[in-house]
A.B. asks: 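The structure follows.
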Number of protein chains: 2
Amino acid sequence: MSRAGDRAYVAIRNMILSGELPAGTQLGEEALAEKCGVSRTPVRDALRRLEADMLVVRTDTQRSFVAEWSLDDVRDAFDLRAMLESFAARRAAERMTPDSLARLRHANARIAQAIALPRPDIALFLEGNREFHAAILEVAGSRRLVAQLGALVEQPVVWRTAHHYGPDALHRSWSEHEELIAAFARGDGAWAQAIMASHILRAYHAYADAHRGMASQPSFGKARGEPAFALKAMA
Amino acid sequence: MSRAGDRAYVAIRNMILSGELPAGTQLGEEALAEKCGVSRTPVRDALRRLEADMLVVRTDTQRSFVAEWSLDDVRDAFDLRAMLESFAARRAAERMTPDSLARLRHANARIAQAIALPRPDIALFLEGNREFHAAILEVAGSRRLVAQLGALVEQPVVWRTAHHYGPDALHRSWSEHEELIAAFARGDGAWAQAIMASHILRAYHAYADAHRGMASQPSFGKARGEPAFALKAMA
DNA sequence: GGGGAGAATATTGTATACAAATGCCTCAGG
DNA sequence: CCTGAGGCATTTGTATACAATATTCTCCCC
């Protein structure tokens, strides 16, 4: 953790994901530097990383803005994630070890615990969910896959979305994880792949349903479809 | 083109891809700055971008090295590319316009011209090939897909590999492009997807065959399999 | 009133200096 | 000979100043 650079990255990221910096906001380096209490140099690094995460876009003239997310963009992201992560699931099924399988069971047990409470503990659910998907990715054993999915899978904000999920949706997610574990236990790559694709795409529709009809934020750029909130995917 | 930063990026990238900086070489910022005739600041930017391209890796302590490419890594990259680009082909087939189709035909005509010569013009082949694949990606119309494939598809160096391809391999590539055009003309996404996957995976085996038994470069790190040359994919 | 040239302003790009951290080498102790 | 602590050399991180570039505003001309 290189102090200032990472602090700036986390700080700006949080400002974007929390909505403090709405989509379309221009990100001046100097202003951000002051907000983060560092100089422009680490802010520049942070902006570059956020750009790679596609949370920030740069104009042809190097001005940075908080990225817009049209509904089409969100759909794109989920499609891509469905493809990549189901591919990862197939690979993982073919390489699964008892240890990793135990880790998956443990993660999903935590999810069960989170949603068993009278009032589901969303934070715990998200933590278990993250661990579950990360473990699969690790077993898949492709550095590239990790790199490409990294930006898509991380779920720092989902907060705003996750709280819209009902107990039934949460339970279905847990249930699909159980099915994945079954596929992994049998080493059935094709099965795991199919479940994962379904898992992700169901999550997309849960998202779309939750946000259907919600107020659009004032738009800025050339978004193609209906503007959506800036946030990351969850499953 | 922000002058110094991009110059550094291109310069370092070329040094890596040409083999002037072999895999495992440590990349000191100061040394690179001097080589590129700029200061460390733009070099840092360039290193970050190259890291995103996975041409450079950083240790936990922030030292940069030219990335190692085991044969497994290369296989991974091709697998991923096959998946992403065949997905792009399906989308493209569903959205193809007459203009774009014409552009594809034109690009492949240039390829035909390049390989028709008594001595194939590899540079022209690569240029046409790049244009062909870029056009498909553009029609696919997914910003994320572009971003994710960008690092994989670019073929600046393939030089070292491409020259190992025989006239037959080059002709087969052209022929597969023709088949893709046919699928696009009919708007058959599934067909286009299948051809593209086959196209990419064939390219992988052409690569693997060309490099089978070639001398390994002295290895540096934790590469998992047999070390391979540092280069990008082609199809 | 519209449009454009040009200055004024704001923003990003680059270089440099210095601070912090890492790695390496030496040498003492066992 | 091995081990590890300490200091020296190297490398990266950060801040700041200045240069280059983009944007905005103003004012003049049509």
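Just so we're on the same page: letters track the sequence lines, and every chain starts at 1.
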A.B. asks: Check the surroundings of atom CD in A:Gln62: do more than 12 heavy atoms from other residues, nucleotides or ligands lie under 6.0 Å from it?
C.D. replies: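 Enclosed.
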A.B. asks: Roughly, in whole Å, what's the span from CZ in B:Arg48 to P in D:dT12?
C.D. replies: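 After rounding, the gap between these two atoms is 12 Å.
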A.B. asks: For the pair made of CG in B:Leu47 and C1' in D:dT12, what is the distance, rounded to whole Å?
C.D. replies: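 Going from CG in B:Leu47 over to C1' in D:dT12 covers 11 Å.
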A.B. asks: Assign each of B:Gln26 and B:Thr41 to its nearest nucleotide of DNA chain D by heavy atoms, then name whichever residue's nucleotide is nearer the 5' end.
C.D. replies: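 Looking at the nearest nucleotide for each, B:Gln26 comes out on the 5' side.
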A.B. asks: List, with names and distances, any nitrogen or oxygen atoms from the protein found under 3.5 Å away from nitrogen or oxygen atoms belonging to nucleotides 17-23 of chain C.
C.D. replies:
{"unit_1": "C:dT22", "atom_1": "O3'", "unit_2": "B:Thr61", "atom_2": "OG1", "d": "2.7"}

A.B. asks: For residues A:Tyr204 and A:Asp79, determine if any side-chain heavy atom of one lies less than 4.5 Å from a side-chain heavy atom of the other.
C.D. replies: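 Sidechains of A:Asp79 and A:Tyr204: no contact.
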A.B. asks: Short of 4.0 Å, heavy atom to strand atom, which residues of residues 27-39 of chain B count as contacting DNA chain D?
C.D. replies: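 Within residues 27-39 of chain B, the residues near DNA chain D are B:Leu27, B:Gly28, B:Glu29.
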A.B. asks: Taking only residues two or more places apart in sequence or in another chain, which ones pass salt bridge (Lys or Arg N to Asp or Glu O under 4.0 Å) with B:Glu131?
C.D. replies: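 Scan of B:Glu131 (salt bridge (Lys or Arg N to Asp or Glu O under 4.0 Å), adjacent residues dropped) gives B:Arg103.
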A.B. asks: Is the number of heavy atoms from other residues, nucleotides or ligands under 6.0 Å of A:Gln26 CD greater than 12?
C.D. replies: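 Yes, CD of A:Gln26 has more than 12 neighbouring heavy atoms, counting only those of other groups under 6.0 Å.
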A.B. asks: Of the options A:Val43, A:Asp45, A:Asp53, A:Leu47, which is the one that meets A:Tyr9 in a side-chain contact (heavy atoms from CB on, under 4.5 Å)?
C.D. replies: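 Answer to the side-chain contact (heavy atoms from CB on, under 4.5 Å) test with A:Tyr9 among A:Val43, A:Asp45, A:Asp53, A:Leu47: A:Asp53.
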A.B. asks: Apply side chain to side chain contact (heavy atoms under 4.5 Å, CB included) to residues A:Val139 and A:Ile136 and explain how you reach the verdict.
C.D. replies: CA-CA 5 Å; A:Val139 177; A:Ile136 293 172; 5.9 Å; no
A.B. asks: Rounded to whole Å, please give me the gap between CG in A:Asp45 and P in D:dA15.
C.D. replies: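 In whole Å, D:dA15 P lies 11 Å from A:Asp45 CG.
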A.B. asks: Report the residue from B:His199, B:His177, B:His106 that forms a ring-ring contact (aromatic ring centres under 6.0 Å, His included) with B:Phe132.
C.D. replies: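 Answer after filtering B:His199, B:His177, B:His106: B:His177.
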A.B. asks: Closer than 4.0 angstrom, basic N to acidic O: yes or no for B:Glu94 and B:Arg91?
C.D. replies: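 A salt bridge is absent here (no side-chain N lies under 4.0 Å from a carboxylate O).
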